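Encoded as structure tokens, the structure appears first; notes follow it.
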Amino acid sequence: MSQAELTTAAPAAVPPRRALWTLGILRSELVTTLRRWRTVALLGVLAAVPVLIGIAVRIETGDGSRGGPGGGGGGPAFLSQVTNNGLFLVFAALSATLPVFLPMAVGVIAGDSVAGEASGGTLRYLLVAPAGRTRLLLAKYASVLVFCLAATLVVAVSALVTGALLFPVGEVTTISGTRIGFGEGLLRAGLIALVVAASLVGFAALGVFVSTLTNSGIAAMAATVGVLITAQILDTMPQLHAIHPYLFPHYWLSFTDLLRDPVYWDEMVRNLGLQALYAAVFGSAAWARFTAKDITV
């Protein structure tokens with residue numbers, strides 16, 4: 001092969017090499033995130049929530065005679081129907097964990113994504129890799145999104161197993177009053193889990209952005225959780241109803257519309273659109289900050 005042919009062929013080998021570096025960094029980030037004791041502890045706590053809810057309902061209702069749609073309405077949505085169908089424990093557990101437990105866990109992981117590396121002195125070594133800052137940031141955000149999905153599935157699977165062990169399972173009565181088969185109910189439970197995970201996409205981007213603003217992992221985690229609490233409080237104030245549709249947690253519970261017959265999509269579409277907007281805005285802000293950040297430690 002001539003020198004000219006070698007010169008022409010060389011650049012074509014660069015993109016695959018960069019792609020391999022990117023995949024390697026992504027795999028490394030996923031393994032590091034999911035193997036940390038903090039992540040395991042958070043997933044363990046999330047898995048315990050449906051178990052505690054199921055045991056509490058079982059003890060409270062005894063033989064289940066006080067359950068059913070006409071039962072006590074206290075607690076998370078769908079809780080009164082758990083005794084008649086254990087599948088409803090999935091919906092009740094996601095309703096209970098989405099406002100607080102799930103986003104707090106995501107806030108911890110997202111807030112520590114960049115700031116934790118900076119405080120530990122390992123960030124500058126990661127930047128030595130040819131993948132560059134943009135690909136590193138994308139890999140970190142992708143690992144946070146994987147955690148969002150994993151955390152949601154942990155809650156859903158734990159609730160499904162607990163509900164099947166403690167309560168009968170069968171046909172599902174929708175919010176509209178119609179009945180669907182157990183298989184379709186299980187499918188809707190899976191779709192609900194995916195919608196819940198997607199509902200955390202915008203908050204995850206916000207957490208990564210906060211993580212790029214400081215070199216302290218604890219400060220980033222605290223600030224991210226603080227933003228979550230503030231948004232939740234603002235969303236409950238009727239005097240601020242004009243800004244409610246723009247707050248990232250406002251449509252979180254819209255997943256309940258998947259249990260209607262027919263399904264109502266309007267609120268869920270608004271929710272997913274709002275999450276995409278937050279992801280775009282704060283993802284861009286995180287990129288602008290991280291690519292210009294002076295990494296000295």
Side-chain angles (χ1 to χ4, degrees), residues 34 39-106 145-200 252-264 268 271:
L34 297 178
T39 304
V40 175
L42 289 172
L43 293 177
V45 170
L46 291 172
V49 172
V51 177
L52 295 176
I53 294 176
I55 293 175
V57 173
R58 182 67 178 179
I59 294 175
E60 177 66 20
T61 58
D63 59 359
S65 59
R66 292 190 296 177
F78 312 114
L79 196 56
S80 60
Q81 290 139 308
V82 170
T83 52
N84 285 341
N85 194 332
L87 186 58
F88 274 94
L89 186 59
V90 176
F91 313 136
L94 290 174
S95 296
T97 55
L98 180 56
V100 180
F101 294 104
L102 275 172
M104 285 188 68
V106 172
L145 295 184
V146 170
F147 176 80
C148 293
L149 180 60
T152 305
L153 291 179
V154 163
V155 173
V157 172
S158 175
L160 180 61
V161 173
T162 304
L165 291 176
L166 297 181
F167 308 101
V169 294
E171 290 187 335
V172 177
T173 302
T174 66
I175 296 176
S176 305
T178 59
R179 298 180 68 86
I180 59 177
F182 177 75
E184 184 177 349
L186 196 61
L187 176 61
R188 294 201 187 193
L191 291 176
I192 284 174
L194 292 178
V195 170
V196 169
S199 298
L200 299 169
W252 273 355
L253 295 181
S254 62
F255 71 84
T256 58
D257 288 338
L258 278 169
L259 280 178
R260 300 184 186 275
D261 191 18
V263 175
Y264 292 172
M268 282 185 288
N271 175 42

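As the structure is a computational prediction, the values presented were derived from the model and not from experiment.
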Would you give the length of the straight line joining atom [atom1] of [X] to atom [atom2] of [Y], rounded to the nearest 0.5 angstrom?
| X | Y | atom1 | atom2 | result |
| --- | --- | --- | --- | --- |
| Gln81 | Leu259 | CD | CG | 9.0 Å |
| Thr39 | Leu34 | OG1 | CG | 6.5 Å |
| Arg58 | Leu89 | CZ | CG | 12.5 Å |

Side chain to side chain contact (heavy atoms under 4.5 Å, CB included) for Phe88 and Val172? Distances and angles first, verdict last.
CA-CA 8 Å; Phe88 274 94; Val172 177; 3.7 Å; yes
Does any N or O in the side chain of Arg188 come within less than 3.5 Å of the main-chain N or O of Arg260, such that one atom is a donor and the other an acceptor?
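The answer is yes, because a donor-acceptor pair under 3.5 Å joins these two groups.
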Check for a donor-acceptor pair, side chain of Thr178 on one end and backbone N or O of Thr174 on the other, with a separation under 3.5 Å.
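No, because the side chain of Thr178 does not come within donor-acceptor range (under 3.5 Å) of the backbone of Thr174.
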Any [X] side-chain heavy atom under 4.5 Å of [Y] side chain:
| X | Y | answer |
| --- | --- | --- |
| Val82 | Phe91 | no |
| Asn85 | Thr173 | no |
| Val195 | Leu258 | yes |

Do you know which two heavy atoms are closest between [X] and [Y], and how far apart they sit?
| X | Y | result |
| --- | --- | --- |
| Ser254 | Met268 | O-CG, 3.5 Å |
| Trp252 | Leu200 | CZ2-CD2, 4.1 Å |
| Ala189 | Leu87 | CB-CD1, 4.3 Å |
| Pro99 | Ser95 | CD-O, 3.1 Å |

May I have the list of side-chain donor-acceptor pairs in residues 146-164 shorter than 3.5 Å, sequence neighbours left out?
| residue | atom | partner | partner atom | Å |
| --- | --- | --- | --- | --- |
| Thr152 | OG1 | Cys148 | O | 2.8 |
| Ser158 | OG | Ala47 | O | 2.6 |
| Thr162 | OG1 | Ser158 | O | 2.8 |

Test side chain to side chain contact (heavy atoms under 4.5 Å, CB included) on Phe101 and Leu46 and set out the steps.
CA-CA 7 Å; Phe101 294 104; Leu46 291 172; 3.8 Å; yes
For Asn271 and Ser199, does a side-chain donor sit closer than 3.5 Å to a side-chain acceptor?
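There is such a pair (donor and acceptor under 3.5 Å, judged by atom type) between the side chains of Asn271 and Ser199.
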Just do the side chain to side chain contact (heavy atoms under 4.5 Å, CB included) check on Val90 and Leu186 with the steps written out, would you?
CA-CA 10 Å; Val90 176; Leu186 196 61; over 6 Å; no
